[in-house]
Structure formats: C-alpha cells, structure tokens
Amino acid sequence: MRKKIVAGNWKMNMNLYEGLELARGLNDHFTTNPVGDREVILCTPFIHLAMVSNLLTAPGLSAGAQNCNDHKSGAYTGEISAAMIKSTGAGNVIIGHSERRTCYGETDELLAAKTGEALRNGLRVIFCCGEVLEERQGNIHFEVVKRQLDRGLFVVSAEEFSRCIIAYEPVWAIGTGVTATPEQAQEMHCYIRRLVRDRYGNDAALDTTILYGGSCKASNAAELFANPDVDGGLIGGASLVKEEFCSIVNAL
Ligand code: PGA
C-alpha cells in the first residue's frame, strides 16, 4: 500500500534557531500525537538539516533537503551533494521544485541527473512537476507534466523509482493563495498515476505516493486529501506555522 505523506517545504525561511524551535515543537507534538501509518517530512534549508534530522525522534517524522547538486563531489563552490545530505541523517530530497526550474533555470535533463545522484546515494526523491498558468489556460497542462516526468524522472530504473514520491504542484497555485480545486487535483493525479502505470506497471502505479502542493492549508487540506489519488501534500507557507502544519497532517 502506498504511503500517506505530508511534507513541509520551508524554502528559504527561518534562521537556525527559529527552525530548530519549529522542528522541536513538531517533534514534541507528534511524540504525543503519533502520526501512525502516515509520514511527515520536514524539508529544511541545508543549514538546519543535520540538527533537525538529529532531533526528530517521533516515529514517522524525518528530514529532507530542498535541492542537491547533480555531481558527486568536487570543485562546485557553494554546492551541496547528495552524499552530504545523506550523511546528515536526512533521508529525503526535493528535486525539480518550480522555483528551482524558474529562478535557477534547472532543466529536465539537469533534474534527471540530480534525481539519479540522489537515488544512488540512498535518498528518497520528492520529484515536483506542474504547469504554469498560461499552460493550463492553453490546455497543455497534461502534456507539460508528462514531459517533465518523462525527461526528469522516468529515466530511472524500476527499483530506483520505488524510492520516489511525485508532487504535483501547479505553479499558479504556489504561494498565491489560489488552490487547485479538488477536481483539478484529482484529475491530474489520476493522469500521473496512469503515466506511472504505463512506464513502470500497475503495482508501481498503485504504490506511488502522489502529493499535491500549492496553497494547501488547514482549511482546504481535507477536501484535497479526500480524493482517491491524492496521497498527501507538499506544504510551503503553511508548514512554517506549527498549529497550521499539525492540522494539515491531521486532515490526512
Ligand atoms: P505553498 O508552496 O504551500 O506556499 O503554496 C508549496 C510549495 O512550493 O511546495
């Protein structure tokens, strides 16, 4: 059975002390209110990763990074490798977030290389895909998501793919307060699951966790998560506030 997951994407927010306080608060909360068979992942800035990863003791809670480099090691000033992430104890990494694609020009090919590097180092990949507003208005959103997955993710082997989570994040919904309707989310998630089936077979399709991201918050999480193909969320802004994030996990 596929896992139900809520992942928080802190992005470039909070200094080390603020981040540790939030992580501690969440760890305490989920120690007394166990997540059960759900999973909660905190994707923190690199600076926080080792310490957050070490303090998360509640079952089902783990840490992740928001990006990694596509090379193994070497002269890449300012960059962080998948092996370095793994050595912090964090087990997850977000690859292909739309902000990386847009602000840093990350191409499908580069993302494929990053995905491979992360998987080779034993990380679980949260691979993001999603269309911009003009693409949805032009009715090419399915095509766009298919291309992103084909080129960036579906290049990995079946064994590697079993360590991947997909996050559908319509770019027009990220940080805008505009959420995809539950119907729009379900329609795309169902389509993505069909693509996984075509590429990796029926069992893989049934086992793949597909998260929704984009202005998901406590007030709309339940209706999004109620859809059969929505297995949880990738949460940006609402993951920075303890109560809000806990309510989202509760909604799952
Ligand atoms: P948001 O971000 O929840 O703030 O819209 C989601 C994301 O970018 O992962």
Side-chain angles (χ1 to χ4, degrees), residues 4-14 18-19 22-23 26 39-46 48-49 52 62-68 85 90 92-106 111 114-115 118 123-133 135-136 141 144-145 148-149 152-153 164-182 184-185 188-189 192 209-225 227 230-252:
K4 300 265 185 197
I5 298 174
V6 173
N9 174 10
W10 292 6
K11 308 193 179 182
M12 196 174 73
N13 291 296
M14 290 187 294
E18 293 161 343
L22 176 59
L26 290 169
E39 245 192 84
V40 174
I41 304 170
L42 307 183
C43 296
T44 77
F46 288 129
H48 305 57
L49 203 52
V52 167
S62 64
Q66 302 168 12
N67 176 35
C68 72
I85 293 169
N92 310 277
V93 61
I94 297 173
I95 306 271
H97 191 281
S98 67
E99 286 148 20
R100 301 288 324 168
R101 294 177 188 263
T102 320
C103 308
Y104 302 100
E106 297 195 354
L111 297 174
K114 290 188 176 203
T115 300
L123 294 171
R124 182 167 57 169
V125 168
I126 303 172
F127 189 89
C128 301
C129 58
E131 80 286 357
V132 300
L133 185 60
E135 291 163 340
R136 179 159 281 265
H141 45 297
V144 168
V145 166
Q148 291 172 339
L149 291 173
L153 180 61
C164 295
I165 294 164
I166 297 174
Y168 169 59
E169 299 204 305
V171 181
W172 45 272
I174 297 177
T176 57
V178 180
T179 317
T181 64
Q184 286 172 324
M188 183 59 88
H189 282 229
I192 291 172
T209 297
I210 308 177
L211 308 179
Y212 168 79
S215 297
C216 181
K217 41 189 182 273
S219 57
N220 59 24
E223 56 178 19
L224 287 161
F225 298 164
N227 291 289
V230 179
D231 307 310
L234 179 54
I235 318 298
S239 73
L240 301 173
V241 181
K242 185 188 147 197
E243 291 69 29
E244 180 81 9
F245 189 64
C246 292
S247 302
I248 294 172
V249 176
N250 214 27
L252 187 62

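Both counts, for ligands and for their atoms, begin at 1 and track the order of listing. Everything numeric here is computed off the predicted structure, so don't read it as measured data.
- To the nearest 0.5 angstrom, I95 atom CD1 is 5.0 Å from T115 atom OG1.
- Residue-to-ligand polar distances keep G214 apart from ligand 1: every N/O pair is separated by 3.5 Å or more.
- For ligand 1, none of its N or O atoms has an N or O atom of A238 under 3.5 Å away.
- Less than 4.0 angstrom separates some heavy atom of N9 from each of these atoms of ligand 1: 9 (O).
- Residue contacts with ligand 1: T176 is placed with no nitrogen or oxygen under 3.5 Å of a nitrogen or oxygen of the ligand (distance criterion only).
- For the pair D231 (side chain) and I210 (backbone), a donor-acceptor distance under 3.5 Å is present.
- Ligand 1 is never approached by C128 to a heavy-atom distance shorter than 4.0 Å.
- Ligand 1 has at least one atom lying under 4.0 Å from a heavy atom of H97.
- L111 contributes atom CG, which lies 9.0 Å from atom CG of N67 (distance to the nearest 0.5 angstrom).
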| H97 and E169: CA distance, side-chain angles, deciding distance, side-chain hydrogen bond (donor to acceptor under 3.5 Å, both in side chains) verdict | CA-CA 8 Å; H97 191 281; E169 299 204 305; 3.2 Å; yes
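- Here the side chains of R100 and I94 are not in contact, with every heavy-atom distance at 4.5 Å or above.
- The distance criterion of under 3.5 Å between nitrogen or oxygen atoms is met by G237 with respect to ligand 1.
- Counting the atoms of ligand 1 from 1 in the order shown, those under 4.0 Å from a heavy atom of G175 are 1 (P), 4 (O), 5 (O).
- Contacts between E169 and ligand 1, counted as non-hydrogen atom pairs separated by less than 4.0 Å, involve the side chain only.
- In this structure, atom 3 (O) of ligand 1 lies nearest to the protein heavy atom G236 N, 2.9 Å.
- Atoms of ligand 1 found under 4.0 Å from any heavy atom of L234, numbered from 1 in the order shown, are 6 (C), 9 (O).
- By the salt bridge (Lys or Arg N to Asp or Glu O under 4.0 Å) test, E131 is found to be paired with R136, residues two or more places apart in sequence or in another chain being considered.
- Note: M14 CE to S239 OG = 6.5 Å, rounded to the nearest 0.5 Å.
- Contacts between I174 and ligand 1, counted as non-hydrogen atom pairs separated by less than 4.0 Å, involve both the backbone and the side chain.
- Taking the six-membered ring where the residue is Trp, H189 and Y212 present tilted rings, their angle falling between 30° and 60°.
- For the pair S215 and ligand 1, a heavy-atom separation below 4.0 Å is found.
- Between I235 atom CD1 and C43 atom SG the span is 11.0 Å, to the nearest 0.5 Å.
- In this structure, CD on E243 lies 9.0 Å from CG on L26, to the nearest 0.5 angstrom.
- Looking at A167 against ligand 1, nothing comes within 4.0 Å, counting heavy atoms.
- Distances below 4.0 Å separate heavy atoms of A173 from the following atoms of ligand 1: 5 (O).
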